[in-house]
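Below, read A as the first sequence line, B as the second, and so on, with proteins coming before strands; counting in each chain starts at 1.
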Amino acid sequence: MGTKKALTGIIKDALSSCIQKGVLSVNEIPAVELDTPRFQQHGDFSCNIAMILASKEKKPPQFIAKSIAENIEDNYRILAKVEVAGPGFLNFFITDDYWRNSLKDIEELNGSYGKGNIGAGKEVQVEFVSANPTGPLHIGHGRGAAVGDTLANILKAAGYNVVKEYYINDVGNQMETLGRSVSLRYIELFGREIDFPKECYQGEYIKDIARDIKAKYKDRYLDGSDGEATSFFSVYAADYILEGIREDLRDFNVEFDEWFSEKTLIEKDKISEITSELEDKGYIYQKDGAFWFKTTKFGDEKDRVVIRANGQPTYFASDIAYHKDKLERKFDMIINIWGADHHGYILRMESVIQAFGKKKEVLEVLLVQLVNLMRDGKSIAMSTRSGEFVALKEVIQEVGKDAARYFFLMRSSDSPLDFDLELAKKQSNENPVYYVQYAHARICSILRLAKQRELHIPRFEEVKIDLLNLPEEMILIKQLLKYPDLIERSALSLEPHRITGYLNELAGDFHSYYNKNRVISNDSNLTMSRLFLVKMIRVVLKNALRLIGVDAPERM
RNA sequence: GCGCCCAUAGCUCAGAUGGAUAGAGCGACGGACUACGAAUCCGUAGGUCGCAGGUUCGAAUCCUGCUGGGCGUACCA
């Protein structure tokens, strides 16, 4: 059992005895929240329950805190002392023995240390990246990929069943534009003059695709009828680009469980099925020759078009069908990770969810603010069409997969991110990811040396654990034991960036310890204890790094 | 105009659902390798948490207004 959980139970019991004895008069025990204080002198955990009860009880908080403290029964012997402090905090000090003995849990669980069950097997879908197959992934997609993939990993570790999904927009105007772009470049390859319109995709990759087609099919598509050719070109190009996207994602350590094609929705005629269903329910009506969805019913400022007057469905129509499909797959929670420029669609999608009779809370949209890509301090506009973008692939090659992933996860996703390529390249040796990886490599190095000297790497039972009694060692041990709680909190708040913050702290605690103390010394008992501690640090570093998809190298 | 997000050290950002004395990294300055990896460590300097009110035992955190920035506000995708 976790320390926090055990302590919460103890406090609840104390509250009940207070109520029984008539010291407190509330009939219900309020939720007990435990905080980790910033300062050591405030103990390992602090509880503000007395101050919350004070107004209800009309008694001074210090009095209530004192009463609770007096009624505490420490059956598990985990408490060194309890103090009433400040305006009425209850400060709890856990015994060093209890902390040290908890290291055994880390050893036993090893690779699965940190996993919890707060998710209770709930089905969750995380949809992310979902870039249109009209061009390679750029750096902005990279941020979404890192955030989505890590969030999925965290949710899995917290006991959810997670499906990672990529939605492919493989129909619509942009597909035609793509086909036309490639077809023009193809024609150009045969030496003919072309007029390449502005709205076509300008990137170099379009020419690559055209060359690929020429190599394979020679001039077969040179003089076909326009419609036929365009359709061939767009399908070919989309497949080609999508294959590249899959590769880039694999290189970025991101694997999807499902690739969901918009085209399949069209082929199964899902859109007319869904619109007529919603029309029956009264959420869709006809006006000016178009079909409108009554999003105003859910707080939108105006209704939105689903089917245009020309009979063409809008992008919104596909999204309705897609989300209906998600609902039919019975997920308890649907998480969409979107670029912040899509925030206007949140309300719209929530309307859809509610129109299908579900609570809007089923859908969670996590907005990832845009990446402001810079080169030498100057912003680079990111548009697939202008062709002036930096591919994710290029970034991975320049700064490495690990640095890129870590960088994207270092700050909360709701603040915009400046990513200066020159800076990232220049500072790659000072990148924070190396700080963490170095801690791991250092531990591996210590363990290698120990083996070289034919020292036994001990198990918990073989160690005199109370030799770990330095303040730095206690800090490290407590930090390690916080890890499961961290995963739980990151999962509940959908905040993957907390993992990098934790890793940085843990690595810092270790580096500091390392510089001050020797692990391998002449004192063989002490050496054993410290080797064990260091091995446990490695377990946690490795687990947390795996969570964010960054390698834990044994040498650097 | 309306909506969403943001404003914390010179720069880039944390800040655990309202807690006690504000935290890192980079940059600046000064130190530490005859012992496990110096990609490290130790120390110093740096703050009216955008401004003004409000809520309460207690606010960087919640509410209102203002200022300044990003994004959105299509029968585009």
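- For A/Gln41, whose side chain is taken as the heavy atoms from C-beta onward, the closest listed nucleotide among B/rC41, B/rU21, B/rA16 is B/rU21.
- For A/Ser445, whose side chain is taken as the heavy atoms from C-beta onward, the closest listed nucleotide among B/rC75, B/rG37, B/rC71 is B/rG37.
- When distances run from any side-chain atom of A/Arg304 to the nucleotides B/rA14, B/rA74, B/rA39, the shortest one goes to B/rA74.
- The side chain of A/Tyr514 has B/rC36 as its nearest neighbour among B/rA39, B/rA16, B/rC36.
- Distances shorter than 4.0 Å separate none of the side-chain N or O atoms of A/Arg448 from OP1 or OP2 on B/rG37.
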Open item on the list: Base contacts versus sugar-phosphate-only contacts with protein, heavy atoms under 4.0 Å: please encode nucleotides 1-8 of chain B as B, S and - from 5' to 3'.
Closed with: --BBSS--

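- Atom NZ of A/Lys360 has 12 or fewer heavy atoms from other residues, nucleotides or ligands within 6.0 Å.
- Nearest nucleotide to the A/Met556 side chain, out of B/rA39, B/rC71, B/rA16: B/rA39.
- Residue-level contact check: A/Ala54 touches neither bases nor backbone, having no heavy atom under 4.0 Å from any strand.
- Using a 4.0 Å heavy-atom criterion, one finds that A/Asn48 contacts the bases of the nucleic acid, with or without backbone contacts as well.
- Heavy atoms of A/Asn91 sit under 4.0 angstrom from at least one base atom.
- Heavy atoms of A/Arg555 sit under 4.0 angstrom from at least one base atom.
- With hydrogens and angles left out, the side-chain atoms of A/Tyr513 and A/Glu473 include a donor and acceptor closer than 3.5 Å.
- The aromatic ring of A/Phe89 is stacked on the base of B/rA20, with the two ring centres less than 5.5 Å apart and the planes inclined by under 30°.
- Within 4.0 Å (heavy atoms only), A/Ile520 reaches at least one base atom of the nucleic acid.
- For the side-chain contact (heavy atoms from CB on, under 4.5 Å) test with A/Tyr514, the passing option among A/Ile443, A/Ile537, A/Ile446, A/Val534 is A/Ile446; the others fail.
- Within the nucleic acid shown, A/Phe291 has no heavy atom closer than 4.0 Å to any nucleic acid atom.
- Base orientation at B/rC66 is anti, since its O4'-C1' glycosidic dihedral falls outside 90° of 0.
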Below 3.5 Å between N/O atoms, which protein atoms pair up with nucleotides 42-50 of chain B? Just atom names and distances, please.
from	atom 1	to	atom 2	distance (Å)
B/rC42	OP1	A/Ser512	OG	3.0

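- Note on A/Ser493: nothing from the nucleic acid sits closer than 4.0 angstrom, heavy atoms only.
- Between the CZ atom of A/Arg38 and the P atom of B/rA14 there is a distance of 17 Å, rounded to whole Å.
- Residue A/Asn522 is out of contact with every strand shown, counting any heavy-atom pair closer than 4.0 Å.
- To the nearest whole angstrom, the two P atoms, one in B/rC11 and one in B/rC49, are 16 Å apart.
- A/Asn336 and A/His323 form a side-chain donor-acceptor contact under 3.5 Å, judged by distance and modelled atom types alone.
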Task: Watson-Crick and G-U pairing of RNA chain B, under 3.5 Å, as dot-bracket with | and [ ] - done: (((((.(..((((.....[...)))).(((((.......))))).....(((((..]....)))))).)))))....

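- Between A/Lys270 and A/Asp325 no salt bridge is recorded (no basic side-chain N to carboxylate O distance below 4.0 Å).
- A gap of 43 Å separates the P atoms of B/rU40 and B/rC4, to the nearest Å.
- Both the sub-6.0 Å distance and the 45° axial angle are satisfied by A/Arg411 relative to the ring of A/Phe407.
- Using a 3.5 Å distance cut-off with no hydrogens or angles, the side chains of A/Asp35 and A/Ser46 do not pair a donor with an acceptor.
- Counting non-hydrogen atoms under 4.0 angstrom, A/Arg489 reaches a base of the nucleic acid.
- To the nearest 0.5 angstrom, A/Leu409 atom CG is 6.0 Å from A/Thr500 atom OG1.
- Taking only side-chain nitrogens and oxygens, A/Arg411 comes nearer than 4.0 Å to OP1 or OP2 of B/rC13.
- Among the nucleotides B/rU40, B/rC75, B/rU17, the one closest to any side-chain atom of A/Lys302 is B/rC75.
- Inspection of the A/Ser412 and A/Asp414 side chains reveals an N or O donor paired with an N or O acceptor under 3.5 Å.
- Here A/Asp288 lies in heavy-atom contact (under 4.0 Å) with a base.
- Contact annotation for A/His42: base contact, defined as any heavy-atom pair under 4.0 Å involving a base atom.
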